[in-house]
J.: 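If you scroll down you'll find the structure; I have some questions about it.
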Amino acid sequence: MTQDIKFDETVTKRIQDRWKDGDRLLLTFEDEVGPYSQHAMIHMQTQFTINIIGPEASLDTYDATIDSNLGKVYVKAYGMEGMDDHLVVRFHPQYDTMSLSGDSGDIDTNVGFIDFTDPNGIKENPAR
């Protein structure tokens, strides 16, 4: 896997504001497989979330990494198959949302953000 992902300045700040030493970053394909996936595409659309997990948290099903401007991002390899090599996560202030796009265009225009190190992390997910 030779993909990379770039987080824009606002998304980078949101992640860094919650980041603690040892935390890990996930890009989760929402397919209800693994400990951090929330649902199985019940809306019949491709959905992703950005997740922060602690150093002791399981990486079960996250069997690959992609490089980013924030370091390694753990992913489910099969969820990244067929994706563009260069991905970008951008913040859209007019809707208070994030989008995931690639060289060929938008992939998910409402990317969630869940900090699993915070007991309220799932409740604060604005995308779902």
J.: Should Gln47 and Thr28 count as side-chain neighbours, where that means a heavy-atom distance under 4.5 Å?
T.: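 No, every pair of side-chain atoms sits at 4.5 Å or beyond.
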J.: Tell me whether Ile66 is reachable from Ile107 by hopping between hydrophobic residues (I, L, V, M, F, W, Y) whose side-chain heavy atoms are closer than 4.5 Å.
T.: yes
J.: Applying side-chain hydrogen bond (donor to acceptor under 3.5 Å, both in side chains), name anything that partners Asp63, two or more places apart in sequence or on another chain.
T.: none
J.: Under a single-linkage definition using a 4.5 Å side-chain heavy-atom cutoff for Ile, Leu, Val, Met, Phe, Trp and Tyr, are Leu27 and Tyr78 assigned to the same hydrophobic cluster?
T.: yes
J.: So, for Ala64 and Ala77, which heavy atoms are closest and what is the spacing to 0.1 Å?
T.: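 Shortest heavy-atom separation between Ala64 and Ala77 comes out as CB-CB, 3.9 Å.
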J.: Among Tyr74, Phe113, Phe116, which residue satisfies the side chain to side chain contact (heavy atoms under 4.5 Å, CB included) criterion with Asn51?
T.: Phe116
J.: Counting C-beta onward and ignoring hydrogens, is there a side-chain heavy-atom pair between Ser99 and Asp108 closer than 4.5 Å?
T.: no
J.: Going by heavy atoms in the side chains, are Thr49 and Leu26 under 4.5 Å from each other?
T.: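 With C-beta onward as the side chain, the pair stays apart.
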J.: Within the structure provided, determine whether Leu25 and Ile52 are in side-chain contact (heavy-atom separation under 4.5 Å).
T.: yes
J.: Check side chain to side chain contact (heavy atoms under 4.5 Å, CB included) between Asp67 and all other residues, then give those that pass, not counting sequence neighbours.
T.: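 Asp67 satisfies side chain to side chain contact (heavy atoms under 4.5 Å, CB included) with Lys72 once adjacent residues are dropped.
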J.: Is the backbone of Asn110 close enough, under 3.5 Å, to the side chain of Thr97 for a donor and an acceptor to pair up by distance?
T.: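 Checking the backbone N and O of Asn110 against the side chain of Thr97, no donor-acceptor pair under 3.5 Å is found.
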J.: Whether the side chain of Gln3 engages the backbone of Asp84 through a donor-acceptor N/O pair (distance < 3.5 Å, no angle test) should be reported.
T.: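 Present.
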J.: For residues Arg14 and Phe91, determine if any side-chain heavy atom of one lies less than 4.5 Å from a side-chain heavy atom of the other.
T.: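 Arg14 vs Phe91: side chains touch.
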J.: I'd like to check Leu100 versus Ile5 (side-chain heavy atoms, cut-off strictly below 4.5 Å). Are they in contact?
T.: yes
J.: Give, for atom CH2 of Trp19 and atom CG of Leu70, the distance between the pair rounded to the nearest 0.5 Å.
T.: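 Answer for the CH2-CG pair, Trp19 versus Leu70, is 7.5 Å.
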J.: Give the minimum heavy-atom separation between Lys6 and Asn69, together with the two atoms involved.
T.: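 In terms of heavy atoms, the two residues are closest at CA-OD1, 3.4 Å.
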J.: Which residue in the set Thr65, Ile53, Val73 passes side chain to side chain contact (heavy atoms under 4.5 Å, CB included) when paired with Arg24?
T.: Ile53
J.: Please report the interatomic distance CG(Asp23) to OG1(Thr117), rounded to the nearest 0.5 Å.
T.: 5.0 Å
J.: Could I get the full list of side-chain hydrogen bond (donor to acceptor under 3.5 Å, both in side chains) partners for Ser68, not counting sequence neighbours?
T.: none
J.: Which atoms form the tightest heavy-atom contact between Asp118 and Arg18, and what is the distance?
T.: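 That closest heavy-atom pairing would be OD2-NH1, 3.2 Å.
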J.: Test Arg90 against Ser101 for side chain to side chain donor-acceptor pair (under 3.5 Å), laying out the working first.
T.: CA-CA 8 Å; Arg90 290 184 180 88; Ser101 61; 3.0 Å; yes
J.: Met98 and Asp8: side chain to side chain contact (heavy atoms under 4.5 Å, CB included), yes or no, with the steps?
T.: CA-CA 10 Å; Met98 294 182 292; Asp8 78 9; over 6 Å; no
J.: If Ile, Leu, Val, Met, Phe, Trp and Tyr residues are connected whenever their side-chain heavy atoms lie under 4.5 Å apart, and connections chain through other members, are Phe48 and Val88 in the same group?
T.: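 They do not share one cluster, since no chain of ILVMFWY contacts under 4.5 Å joins Phe48 to Val88.
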